[in-house]
Amino acid sequence: MQELINRAKELLADGTVARVLGWKAGDLPYNPEPAYFETEESLKDFVYNGFCGANLSKYMIEASKLEGKTLVCLKPCDTYSFNQLIKEHRVDREKAYIIGVGCKGKLDIEKIRKQGIKGIESISGAEITDEAETLTIQTIYGEKTCAYKDAMLERCHVCKGKEHKIYDELMGESKETKDADRFAEVEKIEAMSPEEKFAFFQNELSKCIRCNACRNVCPACSCRKCVFDSNKFDSAQKANVDSFEEKMFHIIRAFHVAGRCTDCGECSRVCPQGIPLHLFNRKFIKDIDTFYGEYQAGEDTTSKGPLTNFTFEDVEPSIVAERG
Amino acid sequence: MKYSYYPGCTLRNKAKDLDEYARASARALGFELEEIEDWQCCGGVYPLGTDEIATKLSSVRALNQAKEKGQDLVTICSACHHVIKRVNDDMKNVEDIRTRANNYMQLDEPYEGETTVLHYLEVLRDKVGFDKLKEKVVNPLTGKKIGAYYGCLLLRPGKIMAFDDPENPTIMEDFIRALGAEPVIYPYRNECCGGYISLKEKEMSQNMCQKIEDSAKGFGADMLITACPLCKYNLNKNASSELPVYYFTELLAEALGVKEEVAK
Amino acid sequence: MSIETNEEFRPKIVAFCCNWCSYAGADLAGSSRLSYPADVKIIRVPCSCRVNPMFILRAFEKGADGVIMCGCHPGDCHYSTGNYYARRRMTLLFSMLDYIGVENGRTRVEWVSAAEGVKFSQTMNEFVEKIHSLGKNVRLEDLRCRS
Amino acid sequence: MQRIGVFVCHCGSNIAATVDVKKVVELAAKEPGVVHAEDYQYMCSEAGQAKIQEAIREKNLTGVVVCSCSPRMHEATFRKAAERAGLNPYMVEIANIREHCSWIHKDMEEATKKAVILARAAIAKVNLNAPLQPGESRVTKRALIIGGGIAGIQTALDIADAGYEVDIVEKTPSIGGRMSQLDKTFPTLDCSACILTPKMVEAAAHEKINIYTYSEVEHVSGFVGDFTVDIRKKARSVNMDKCTGCGVCQEKCPSKKIPNEFNRGLNNRTAIYTPFAQAIPNVPVIDRENCIKFKTGKCGVCSKVCQAGAIDYDQQDEIVTQKYGAIVVATGFDTIKLDKYDEYAYSQSKDVITSLELERIMNAAGPTKGHLERLSDGKAPKELVFIQCVGSRCSDDRGKPYCSKICCMYTAKHAMLIRDKYPDTNVTVFYIDVRTPGKNFDEFYRRAVEQYGVNYIKGQVGKVIPQPDGSLLVQGSDLIDNKQILKKADMVVLATAIEPNPDVRKIATMLTASIDTNNFLTEAHAKLRPVESPTAGIFLSGVCQGPKDIPETVAQAGAAAVKAIGLLAKDKLTTNPCTAKSDELLCNGCSTCANVCPYGAISYEDKEVNDHGIRETRRVAVVNTALCQGCGACTVACPSGAMDLQGFSNRQIIAEVDAICR
Amino acid sequence: MRNEHSAAEKIKEISGTNPLKCMKCGKCSATCPSFNEMDIKPHQFVSYVVNEDIEALVNSKSLWKCLSCFACVERCPRDVKPGKLIDAARQLVVREKGGDYLKADEIPELLDPELPQQLLVSAFRRYRR
C-alpha cells in the first residue's frame, strides 16, 4: 500500500494527475469509503485493504468532467465496468490515470458477524500485502480468527479473474479466489416450481425499502435521471405499499442494465437489507450466454451489446415455455 | 461399425437368403449387423389410423433397444423398414402417439424418436459409400442389365421415408452401377405390385405385376432386383416370369464374392 | 372495492400489434369475421420493437391476466430489423418472468402477417383459452389498482 | 386539460348492429377530458365529417376520438377533416370498433363493453397527444426501375414521357424480359416480338431513359423522395461504345456448348453472346465462367476477330451511385423448378416440356426454328397432351398455393396454334378448372374447343409413363366419365406454376418493402392501393406483385408510373411527424439508441444544456427527422427514457394500457 | 344403422385429414392402380366423407381393393390423402364385430408354399381386427 501511496504522491507532484480517487479509512475498521485526495499530505488517510470493495469506476463519470486527470484505483473486476462506461461515452479515458490494483478477494463484514464474531475492535490479515489466509479479529470478547475465504463477498467466489482489462500501470499482487460456479445460484432457482420461485422472490423483495442504494452504486445505472424519477413512464417512485411494486422496480432495473451489467456485484454488496439482487442480473447474463452466445460486458470497449444486436436465427420467445 | 439389426419375420423364414446374403456382404464390407433381442413382428403394414397404439409398440420396442445400445437401426425388408421408420416419425413428431406409447411401455426413459432408422441400401449409400462399394467388388456384374424395382413402401410417403425422390429415385440404380452392371430405368419401378391384395384378388396383382415386368423388359432389363419379399413373391407368382427377380443382397453377395459362403 | 363473486372469469388481455403486419392481420380477421373473445384488446404500435418491457409489466401491474405481442414475421419487418430486437427483448423478459415465478403462458409472442387473419384469430383464441386455464393473474397485479 | 370530442360511427349496421352506439356515446362522455360525444350513421361521409368539424369549431375541441373502422382505413380521412376545421391532425385518434369489435363479436352487451374500453383507451391517449408538425424533405426528380421486362419498360416510358429522368436496371444482358421469350400472345395471337420490340427500341432511344443492362442493384439507402442507390454494372468485357453489334465474335467463339438460357436450355450458345437477335443493347457480353480465355488464359479469338477493337478482357465491375425520388420494382417471374414433380417424368423424358419451353419451340428463332418437333428424335408429334396446374394450387410443400392465372389462357393459345398449323396433330388438355376471366378470354377458350377441336378432359394426370417405343403414356382422370384413362402421347406439355423472381427477396430487403409468404411483394392496400408498396416511394409493376398476364401487367405498369409521377411532380414532401425525439436533459449520450436505428437517423452532438441551472456541455442524441421512420426501436433501447416516439409516446401507450386494464 | 355424422367424424379423426381441402382435381383417381376395381373411386371417397354418406363407403368394394400403396397420398396436391380416408373407413369396419374381410377358415385354401409371412401378416392387419 505504501508503494501505491508513494506512486500517487509522485504523480500528484509531477502534475500528471490532479487528484487521486481511492479509499480512506472509515470510522470502523471495516468500512473504508471512496475518497478523493488532492494533496500529497491528504494521502496519509489513503487505505487499500480487503474491505475496499467499492467499485470506483462510476465515480469517474463525475471525475471526467473535472479539470486534469484523476488517478483512479481499479480492481480487476472494476475495469470491466470502466470499459463499459467508455463504450457508453460516460467516462473519458483521457481523464483517467488507471492504476490496476491487485485483489485477493474482498471481505463481507456480515459474513464475519454471521460466524458469531461480535464487538469488533480491529481486524488484521486484510492488508493487500497479507497472505489472505486468515483474519485475526480483536473483539471486546478477545481475539478471534476466521478463514479469509469464509469472510469473502459472494462475488469473489465467482470472480471473473484477476486480470485487469484496462490500466496505465499495475500495482500489488492478486490471488485467484474463484471456487464456485457463477450460475449455480441461478440454476437452483430455475429448478424450483413456479410457486417456490414466487415465494422465494416475494420473500426477498418484501425486504426492499426502496432506498435506491443498489441503483446509486451500480456503474451501469448511471442515467442522469432514472426513469423511476422522471414522469416519462408514469412510473415515478411511489410509497412502498406492496412488494409487487418493488418487483417491477428490480426487474425493470435489471432489464435496463441487461447486456451492460458486468456482474460486479455492488448491488448486493450495498443492499442494507441483504437482498441478493445480483440474482436478477446474473439470470439475464446466463440467458444471454445460452441464447446468444457468451458475452461479458466490459470485456472490451467496442463490441455490440446483446440487446442492440441480433441474428436471423435467434431463438423465439416461446423457448421459455418450451424448455419448461 | 456396428448397427442394430431388425430382420423381420419373413427374413427368418421364406426370405432367409435375403438376410444371409446381407450379413455376408456386411462382413465383406466391414460392418456388423447386431440382431436386436426378442424382436417382434412389425405387423407388415403401418397402421394408418392415428388412434392406434398397440400395433405400433413392437416397432417402438425395437427402436428403443437400438437407442439403448446407441446404434442406428438397420432393416432390409421394405415393409419392416416402412413400418419402423414411420412409427419412429410418430414417436418423434406426434405428441399424442408418443405420450400414449410411452405411457403404455413404461420405459426407464421415454422413447422420443432418438434412433436413426436406416435401410440396408442407405447404409451402402450413406455410410459405406457406393464408391467404396465399387472398390470392394471382386466379381463385377458386367454386362447385366438390371431393372430396380422399388415398389411403394421404401419411397412413400416421401417426406417421412426420406429415402429418395419418390417419383424419380436413383439409389438402386447407383447400387447397380456400383456392382458393375447397367441399370435399366423404367417408369413402373415405383408402381405397386399389389402387395397383400394378392391373397384374395390374384387378378389385380397379376395385372399390376405384368405391367411392371413388361415395362422393365421393354426398356431392356434382363432381370429385376427388389428389397421386398412380398414384391418378389408377387412378381414371381403373378407375372409371366420372363424376368428373374432377385433380392438386391444376392447380387451384392455375388459381386463381393461371398455368395458361395452363404450357399454353404 | 367490489367483492369477488362467482362470476365467470373474464380475463383482461392486452395485445400489442405492430401497425404494418399484425394490426393489419387483426383487421383482416375482422373483415373475414373470424371471431375471438372480446377479452382481447389491441394496442397499435408502429413496430414490435416499440414495445417496451415496461409496458408489459405495467399491464400486469394494472391487472392484465395475459399480454401478447404480435409483429411481422422475422425477415418481414417494415423497418427491416425491428422485430429482431423485439424478439431478443421479449425472450429475456419472458425468461425473467418465468424465473420469478410468473406462470408460463401469460405472455406470448406471435408473428402474424397482414395476410394471416386466420392465424390472428386462432392465436387469440388459443391465448385466451390458455389464460382461462391459468386463471386470474394474482402474482403480478398491483393490488392497489383493483377497484 | 384537453377538450375532447368523441364521435361514434354506426357504419350503417356494420357497427350499430352489434355495438350499442348510444351506450358508447353515453359512457365516453363521462371520461376525463371529454366535452362532446355524438354518434352518426356514417362518420366518414361528408355529413359525418362536417359534424366533427362543427364540433371542433363550436366546442373548441383540442382533441378528437373517432370510434369507427380501422385507422388503416380512415385515420387519414378524419385527420384531414380535423385539419380543415383548424385542429392539428395529430390530435385525432381512432378507436377501432369495427374490425376489432363489431365484426368479430356477436353478443351485443359484450361488444358494447369492449367498444367502450377501446374508446376509453383512445381518449386516454388523446389526453396526452400533442400537436405535431410534419417536416419537409426534398424530392429527387429521377426514378429507378428494377427490371427491364415489359412491366419495367412500360413504367419507364410513361414516367419518361412525363418528363422525368428514368434509369432501368436489368440483370441480364438485354431488356425484354419474359415477354421476349414468348411466341404469340393471347387472346389476339399477335406476335410477341412484333409488339414488344418497338417498345424496347423506344425505351432505348428515349432521351430521358438510361438503361443499365447486365447490372444489379447493390445497395439502397435513404427514403421516399431521396433514395441513394448503388448499381453494380457487371463487367461486360465488351466496350459498349466501340461495339458495332456485327456478331462476328459470336460466330467465331470456340466455346459453343453453353446451355442457352433464353431458349430455356433447349439448345446452346457461345461464351460471348447476346441473348437474342433483337437484344437491346445489341452488344454481347462474355460469360466469364464459360469463356476459355478467362478459364485458361488462352484463346482470345473474339478479340482477334473484332474489327472495332471492342473486346476488353480487363474490364471491371463498376459501381454507379445515383439518387432517386421513386423506385419501381418490376422484377417479374420465373417458372418453378419441376424436380419435385417427377411423376410427370420431366427429368426422365426429353419430350415432357414446360409451356415456356414450348414457346421457344414454337418460335421461329427458337431451337427448332419454329417447327413443332420432339426434342428426343425430331419427329413431329401426332398426339400432344397438356397438363394444367403443375405446381399451382398445391397446398403441400411441393408447389404453390395460388393459381398462376395465365396458364389456362396460354394453353388454349398453344392448343389453338398447334391445331391451326398442324391439323393432323391431336391435342388433349387435362384440366381441373378452366379459368378465363378477362375480356374475350372465354370466347378464346371456346374457340379452341369448338373451332379447333381441342379435347379438354376434366381431371388431373397422375403419372406420365415413358414407353419403350419412345412415346409417352399419360394416365389421368376423366372426372366427367368417372374413368381412369390412359392416353398415348408423343409430347407432354406442363403448365408449370410461376413464381416471383428469386432475387426479389433480396431486393425487397434492401428496399424495406414487405413481401408475402409466396415472395410476392405486398401492396399497400389490396384493393385501393394495388401498385404501391407500404413503404413510401416504392411502387410495384407487373408479376412481382402477383400473377398477371400482359395486358394486366401493362395496365399496372402504367398505374405504377402515374403513382411515381405523382411523387416526382412534388418539390417537397411532408414527412411523417411521428418520429423519435430525444430529451436532451435526460440523454446519457450512451449511443445505445444509435446502435439499433436501422436508418442511421441518430447522431450525437456536444451540446450546451441548462439542466435546472447547471450549464454544461453534454453529448446528446439528435434525431434526423427526415431519416427517422418512426419504428421506435431506439425508445426501448434507451435506458433513461430520454428517447421517445412522438404520436406513440411512452406515456400515451401506458395510458392506453391503463385504460384497458382499468 | 350407424350415426352417419359421427362415423364421418370418426373417419376424419382416424385419418387425421381434412377432406374439405379437396379441390376435386382427380389426381388420386388418376394415380390409383386399383381404380378399375373400385366401385367408389378414390376422389369420390373424399366427397362421400364430406357428405357423410358413410353407409355407402363401408359397404363398398373399394375398401378391400385399396393397396395402401400411398401413391395418392404422395401425389395429392391438397394434402387430403384419400388413401388415409379409405384406410380409416376400413378400420371402422374391421373394428366392428364380424366386419372382418378375411375369415380364418378361408386362409388354408389361399395359402401356397412360397407365400411369405409378410403377406399374411399384412393382410391380417388390413382385413381383420
Side-chain angles (χ1 to χ4, degrees), chain D residues 336 338 340-346 385 387-404 407-408 428-435 456-465 472-487 489 492 494-497, chain E residues 12 15-51 53 56-57 59-87:
Chain D
I336 64 163
L338 288 176
K340 288 184 189 155
Y341 281 98
D342 233 31
E343 64 261 41
Y344 300 125
Y346 178 74
V385 166
I387 302 175
Q388 299 304 98
C389 297
V390 176
S392 298
R393 306 168 67 188
C394 290
S395 58
D396 59 5
D397 56 4
R398 297 201 292 172
K400 303 288 176 187
Y402 49 84
C403 166
S404 295
C407 323
C408 285
T428 304
V429 180
F430 283 91
Y431 71 97
I432 305 174
D433 302 290
V434 178
R435 295 179 167 178
Y456 272 78
I457 297 175
K458 183 171 171 64
Q460 186 55 290
V461 168
K463 183 160 175 144
V464 174
I465 307 158
L472 300 159
L473 203 57
V474 179
Q475 182 180 316
S477 265
D478 183 336
L479 294 175
I480 304 295
D481 284 354
N482 207 12
K483 274 189 196 145
Q484 190 182 71
I485 46 183
L486 282 168
K487 177 103 200 149
V492 170
L494 308 177
T496 313
Chain E
K12 287 184 217 169
S15 65
T17 67
N18 176 8
L20 289 177
K21 292 189 77 181
C22 176
M23 65 167 167
K24 306 182 196 319
C25 69
K27 194 165 182 178
C28 45
S29 286
T31 283
C32 183
S34 299
F35 181 92
N36 290 329
E37 316 295 326
M38 289 190 170
D39 46 1
I40 297 177
K41 308 299 187 190
H43 71 279
Q44 293 175 296
F45 240 88
V46 181
S47 41
Y48 274 64
V49 175
V50 172
N51 298 330
D53 190 355
L57 281 190
N59 292 320
S60 74
K61 278 203 296 180
S62 303
L63 283 194
W64 315 109
K65 308 293 176 185
C66 167
L67 308 167
S68 302
C69 75
F70 310 114
C72 57
V73 172
E74 187 69 40
R75 291 177 195 155
C76 174
R78 301 295 304 174
D79 232 9
V80 181
K81 308 184 188 304
K84 286 190 170 185
L85 290 175
I86 296 175
D87 198 70

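Because only heavy atoms are used, hydrogens play no part in the values below, and waters and symmetry mates are left out as well, while side chains stay in. A quick note: this is a predicted structure, and the numbers were derived from the prediction, not measured. Numbered from 1 within each chain, the chains take letters A, B, ... in sequence-line order.
Of the two parts of E/K27, the backbone and the side chain both hold a non-hydrogen atom closer than 4.5 Å to a non-hydrogen atom of chain D. Only the backbone of E/C76 has a heavy atom closer than 4.5 Å to any heavy atom of chain D. When heavy atoms are compared at a cutoff of 4.5 Å, E/K21 approaches chain D solely by way of its side chain, counted from C-beta outward. Using a 4.5 Å cut-off between heavy atoms, D/D478 does not touch chain E at all. Using a 4.5 Å cut-off between heavy atoms, E/E74 touches chain D through its backbone atoms (N, CA, C, O) alone.
Chosen from D/G476, D/G391, D/C389, the residue pairing most often with chain E at heavy-atom distances under 4.5 Å is D/G476. Between chain D and the residues E/K41, E/K24, E/M23, the largest count of heavy-atom pairs under 4.5 Å involves E/M23. The greatest number of non-hydrogen atom pairs below 4.5 Å with chain E, out of D/V461, D/N482, D/L486, is found for D/N482.
Surrounding NZ of D/K400 are more than 12 heavy atoms belonging to other residues, nucleotides or ligands, all under 6.0 Å away.
In this structure, D/Q484 contributes its side chain and E/N36 its backbone to no donor-acceptor pair below 3.5 Å. In this structure, D/Q460 contributes its side chain and E/A30 its backbone to no donor-acceptor pair below 3.5 Å. Between the side chain of D/R393 and the backbone N or O of E/R78, no donor-acceptor pair lies under 3.5 Å.
For the pair D/I432 and E/C25, the tightest heavy-atom approach, listed with the atom from each and the gap, is CD1-CB, 3.4 Å. The heavy-atom pair separating D/S477 from E/G26 by the smallest distance is OG-O, 2.7 Å.
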